[in-house]
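First up is the structure itself, then whatever we jot down about it.
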Number of protein chains: 2
Amino acid sequence: MPRRHDPERRQRIIDAAIRVVARAGIAGLSHRSVAAEADVPLGSTTYHFTTLDDLMVAALRQANEGFARVVAAHPALSDPESDLPGELARVLGAWLGGDRTGVELEYELYLAALRRPALRPVAAEWAEGVGALLAARTDPVTARALVAVLDGICLQVLLTDTPYDEAYAREVLTRLLPAPGTRDGRGPGSLPPPTAG
Amino acid sequence: MPRRHDPERRQRIIDAAIRVVARAGIAGLSHRSVAAEADVPLGSTTYHFTTLDDLMVAALRQANEGFARVVAAHPALSDPESDLPGELARVLGAWLGGDRTGVELEYELYLAALRRPALRPVAAEWAEGVGALLAARTDPVTARALVAVLDGICLQVLLTDTPYDEAYAREVLTRLLPAPGTRDGRGPGSLPPPTAG
DNA sequence: ATCCCATGTGTACGAGCGTACATAACGGGG
DNA sequence: CCCCGTTATGTACGCTCGTACACATGGGAT
């Protein structure tokens, strides 16, 4: 009977919960399924997370860092000289183009806030975080709009099985920038050749 | 033992399913809960809808007509002389401002397509329907962009408990229109006073 | 060294679930 | 009028679930 006194038990349960949601969705999340995935007894998951909501809050907060990691991997996003819409479209492509389970996982937890008020503050944290990042390059209103359209494009891709079109995303994001196209000298309306399907 | 031979049994089950989802969410949807809500025996729901996915497809398809009804109630949307962003923002306000359970219901079924491939064609139908409506006023690319940003704004409102800001929505939608602001004579970039942070 | 409590473990209960299936009523076609 | 397939009904099985709770354990404070 090993592993009495396991200081990182709680963290390992969160990791297991994320793997469970990635594999089976929120519908497959239960104290038992997480316990099995983490290889701990049932009582251990109920002890650390009395409610499944508690567990989801912890999982969503940790999953959000996944997107933050993708953003951090594209430092050009913070470079004031770079083409903001182009960079955003590229980052989105990198996120959506990789393993779809990662995106599904984050979105499933994110969207679960619709019915679970406990998750809403965490969802708001994420939106505010991305918004703050973008606000540094434009202004708060535009930043919120960019976040909204990023969300909307992701939804269309994930919900309707449409492939992601990076050129389309860049065009839409470009139109959202406030001033009449003076920011990067490239006026809106001229679609570059589609570099991504 | 009344109601042997009930020709509209199937439809009444769909209506009951929608009420169940509106009240308890998809997590509360089961053959039994629907049977209780529709006041029919358990065997009746399993007979007409072998799988819960079947039931959800029928419910989502019927729920989509709810939004279509809101759109139909604003004929100005189809008037080529009207201010498209303004009308869209108004329609969205009417939808979000009413009983929130209706919006939650439709979005919950819509978002369920993320994990249930059976729902994806129905979700795509909805997006294409709204897109076609808007394409008649602009062009297909802009129409898709408008749908995306409408979705994104709804998500932000529903998921983060932020109140809906119609002026903000109008501003964002205006920026999405293709040509340099010649469509309605109102150029982008002039922000109305920020009524929400 | 001892005590105490946060942490870990095993088991049981009652409820709800999808599913299967044997049977009953109905009503249109013969 | 009768017959038969579609529709409707009731019940039961096996499973998973959240929850509760009694008991074991071990390390930090004293």
Side-chain angles (χ1 to χ4, degrees), chain A residues 1-60 62 108-109 112-113 115-119, chain B residues 1-60 62 108-109 112-113 115-119:
Chain A
M1 211 63 63
R3 220 183 293 111
R4 297 298 303 233
H5 183 58
D6 181 349
E8 304 175 17
R9 171 70 56 95
R10 192 186 156 91
Q11 181 58 46
R12 292 197 6 257
I13 290 177
I14 298 176
D15 296 339
I18 287 185
R19 288 196 300 273
V20 168
V21 174
R23 186 201 323 128
I26 282 188
L29 189 75
S30 73
H31 282 124
R32 285 172 218 267
S33 62
V34 171
E37 174 72 31
D39 191 29
V40 297
L42 165 65
S44 196
T45 56
T46 65
Y47 173 76
H48 287 283
F49 301 93
T50 311
T51 295
L52 281 182
D53 273 11
D54 296 339
L55 187 49
M56 271 187 268
V57 166
L60 175 56
Q62 179 159 325
E108 181 148 17
L109 286 168
R115 279 289 182 179
R116 293 167 215 269
L119 291 182
Chain B
M1 209 64 62
R3 220 183 295 111
R4 294 300 301 233
H5 182 57
D6 180 351
E8 304 175 16
R9 171 70 54 96
R10 191 186 157 91
Q11 181 58 46
R12 292 197 8 256
I13 291 177
I14 297 177
D15 296 340
I18 286 184
R19 287 196 301 274
V20 167
V21 174
R23 186 201 322 128
I26 282 188
L29 189 76
S30 74
H31 281 124
R32 286 173 155 88
S33 62
V34 172
E37 175 71 30
D39 190 30
V40 298
L42 166 64
S44 195
T45 57
T46 65
Y47 174 75
H48 286 282
F49 300 94
T50 311
T51 294
L52 280 183
D53 273 10
D54 296 340
L55 188 49
M56 270 187 269
V57 167
L60 175 56
Q62 179 159 325
E108 181 149 18
L109 286 168
R115 279 289 181 179
R116 293 167 215 268
L119 291 182

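Chain identifiers are assigned alphabetically (A, B, ...) following the order of the sequence lines, protein sequences preceding nucleic acid strands; residue numbering begins at 1 within each chain. Values in this document were obtained by computation on a predicted structure and should not be read as measured data.
- Across every non-hydrogen atom of B:R9 and B:P41, the tightest pair is NH1-CD, 4.3 Å.
- Counting heavy atoms from C-beta outward, B:I14 and B:Q11 have side chains that approach closer than 4.5 Å.
- For residues 43-50 of chain A, proximity to DNA chain C is found at A:G43, A:S44, A:Y47, A:H48, defined as any non-hydrogen atom under 4.0 angstrom from a strand atom.
- What you find for B:T45 and B:V40 is that their closest heavy atoms are CG2-CG2, 4.1 Å.
- Distance CG (A:D6) to P (D:dG26): 13 Å, rounded to an integer number of Å.
- We find that CD1 of A:I26 is positioned 17 Å from C1' of D:dC17, with the value rounded to whole Å.
- Per the geometry, CG belonging to A:L55 stands 13 Å off P belonging to D:dC17, to the nearest Å.
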Output a table of donor-acceptor pairs, distance under 3.5 Å, between side-chain atoms of residues 46-54 of chain A and any protein atom two or more places apart or on a different chain; print 'none' if there are none.
{"from": "A:T46", "atom 1": "OG1", "to": "A:G43", "atom 2": "O", "distance (Å)": "3.0"}
{"from": "A:D54", "atom 1": "OD2", "to": "A:T51", "atom 2": "N", "distance (Å)": "3.4"}

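- In terms of heavy atoms, B:L42 sits closest to B:H31 at CD1-CB, 3.8 Å.
- Side chains of B:E37 and B:D15 form no contact here, defined as non-hydrogen atoms less than 4.5 Å apart.
- Contact annotation: A:R9 reaches the phosphate of C:dT9 (side-chain N/O to OP1 or OP2, under 4.0 Å).
- With respect to B:L60, the side-chain contact (heavy atoms from CB on, under 4.5 Å) criterion is satisfied by exactly one of B:L55, B:I18, B:V21, B:L119: B:L119.
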The contact string for nucleotides 12-17 of chain C, one letter per nucleotide 5' to 3', using protein heavy atoms under 4.0 Å with B, S and - for base, sugar-phosphate only and none, comes out as -----B
Could you walk me through whether B:E108 and B:L29 satisfy the side-chain contact (heavy atoms from CB on, under 4.5 Å) test, starting with their C-alpha distance in whole Å, then the side-chain angles of each, then the deciding distance to 0.1 Å, before giving a yes or no?
CA-CA 12 Å; B:E108 181 149 18; B:L29 189 76; over 6 Å; no
